[in-house]
Number of protein chains: 2
Amino acid sequence: MKRDWRCEDPKQQLVWAAATGETLRVLEGKWKIVIIIQLFAARGPLRFSELERRVEGVNQKMLIQQLRQLEADGIVIRKIYPEVPPKVEYTLSEMGTALGPSIEALIDWAFLRCEASGETDGDEPAREAEH
Amino acid sequence: MKRDWRCEDPKQQLVWAAATGETLRVLEGKWKIVIIIQLFAARGPLRFSELERRVEGVNQKMLIQQLRQLEADGIVIRKIYPEVPPKVEYTLSEMGTALGPSIEALIDWAFLRCEASGETDGDEPAREAEH
DNA sequence: CCGTATCCTTCTAGATACTG
DNA sequence: CAGTATCTAGAAGGATACGG
């Protein structure tokens, strides 16, 4: 089955828009994309402490929270080694790996935005003064 | 310049992860993706009232708010017709249109998830009982 | 090393009523 | 038609301290 999301049927569009909205919600959370990108970049499992170092600015509570949610949503897999000192590794699941093309497209778009705002002016318009 | 986000340089990875995180933030907000998909599907401008009907469940305040943010972030363009009764049309900007591949990839992934959770079992594991 | 438990602040969504 | 204003509840983020 192939999505033809630009089709004419308004009902179908509603279904897909909703489904995609729900799906995107899985990626929301201040640190999730960064975590996922780091896991992609690592090309293999990362320990908790490794992630803590690579995801700059995150604290333990947030990192754990986001990892647990990603795990619950089937994006990452958590593997515990019953050793002392404790060792826990996080990997992308098959579903997580399948995010590759989306991430790549988003990175491309991020670049496009940077270039667009960099060529005409020095800084971004950004969003501010809203109230 | 081409992104090679799976490269070895950890510094670069940090930069891209951060940039992509920032970029994704532009799409966050409960209704933005749905709005964007509807604008794609429409293949042309939509009036405020049209969007209100197509984005099911949204209220005026939220719709306006999300549209204003999308406008501030350069994703949509707002065109006002000085008529009475008032008429305002929203279109995807060039930057918004450039989101096409990302949206498509995300929709593909959304489908993959639906199929994966539908074939093995009836319901999703979902995320719950977190505290 | 890999987490929990508290507590606090800020941010977000939404209901509702009103206006040029 | 296309907004604005106000108010509220709840969620998300984060600092800090403690635990197996």
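Every chain is numbered from 1 and lettered A, B, ... according to where its sequence line falls, protein lines coming before strand lines. Values reported hereafter were calculated over all heavy atoms of this structure, with side chains retained and with hydrogens, waters and symmetry mates removed.
- Not counting sequence neighbours, the partners of B:F40 by the ring-ring contact (aromatic ring centres under 6.0 Å, His included) test are A:W5.
- First and last contacting nucleotides of DNA chain C toward chain A (any atom under 4.0 angstrom from a heavy atom, 5' to 3' order): C:dC1 to C:dT6.
- One donor-acceptor pair, N or O on each side, does fall under 3.5 Å between the base of D:dG14 and the side chain of A:K61.
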Table please: side-chain donor-acceptor pairs of residues 79-90 of chain B below 3.5 Å, with sequence neighbours left out.
{"unit_1": "B:Y81", "atom_1": "OH", "unit_2": "B:E89", "atom_2": "OE1", "d": "3.0"}
{"unit_1": "B:Y90", "atom_1": "OH", "unit_2": "B:R78", "atom_2": "NE", "d": "3.4"}

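- The residue A:Q66 sits close only to the backbone: its heavy atoms come under 4.0 Å of sugar-phosphate atoms, none of a base.
- Residues A:T91 and A:V76 fail the side-chain proximity criterion, which asks for heavy atoms closer than 4.5 Å.
- If you check residues 77-92 of chain B against DNA chain C, the residues with a heavy atom closer than 4.0 Å are B:P86, listed by number.
- Atom NZ in B:K30 sits roughly 14 Å away from atom P in D:dG10 (whole-Å rounding).
- Atoms CG (B:L67) and C1' (D:dG3) sit 11 Å apart, rounded to a whole Å.
- Applying the side chain to side chain contact (heavy atoms under 4.5 Å, CB included) criterion to B:A110, with sequence neighbours excluded, gives A:T23.
- Formation of a donor-acceptor pair under 3.5 Å by the A:W31 side chain with backbone atoms of A:Q65 is not found in this model.
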For residues 54-63 of chain A, dump all side-chain donor-acceptor pairs below 3.5 Å to protein atoms at least two apart in sequence or in another chain.
{"unit_1": "A:R54", "atom_1": "NE", "unit_2": "A:E50", "atom_2": "OE1", "d": "2.9"}
{"unit_1": "A:R54", "atom_1": "NH2", "unit_2": "A:E50", "atom_2": "OE1", "d": "3.1"}
{"unit_1": "A:N59", "atom_1": "OD1", "unit_2": "A:K61", "atom_2": "N", "d": "3.3"}
{"unit_1": "A:N59", "atom_1": "OD1", "unit_2": "A:M62", "atom_2": "N", "d": "2.8"}

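- Less than 4.0 Å separates DNA chain D from at least one heavy atom of each of the following residues of residues 41-60 of chain B: B:R47, B:F48, B:S49, B:Q60.
- Summarising the geometry of A:G29 relative to A:Q66, their closest heavy-atom pair is C-OE1, 3.4 Å, with the distance given to 0.1 Å.
- Considering only residues two or more places apart in sequence or on other chains, B:A41 meets the side chain to side chain contact (heavy atoms under 4.5 Å, CB included) condition with A:Q13.
- Between the side chain of A:W109 and the backbone N or O of B:G96 there is no donor-acceptor pair closer than 3.5 Å.
- Counted by atom type alone, A:Q69 and A:K32 present one or more donor-acceptor pairs between their side chains at under 3.5 Å.
- Nearest approach of A:G74 to A:S93, heavy atoms of both residues: O-OG, 2.6 Å.
- In this structure, A:Q65 places its CD atom 13 Å from P of D:dA11, rounding to the nearest Å.
- End-to-end axis angle of the helix from C:dC1-D:dG20 to C:dG20-D:dC1, from C1' rotation axes over five pairs per end: 50° (rounded to 10 degrees).
- A pairwise comparison of heavy atoms in A:A98 and B:L112 identifies CB-CD2, 3.5 Å as the closest pair.
- Considering only residues two or more places apart in sequence or on other chains, A:S49 meets the side chain to side chain contact (heavy atoms under 4.5 Å, CB included) condition with A:R47.
- The CE atom of B:M62 sits 16 Å away from the P atom of D:dA5 (whole-angstrom rounding).
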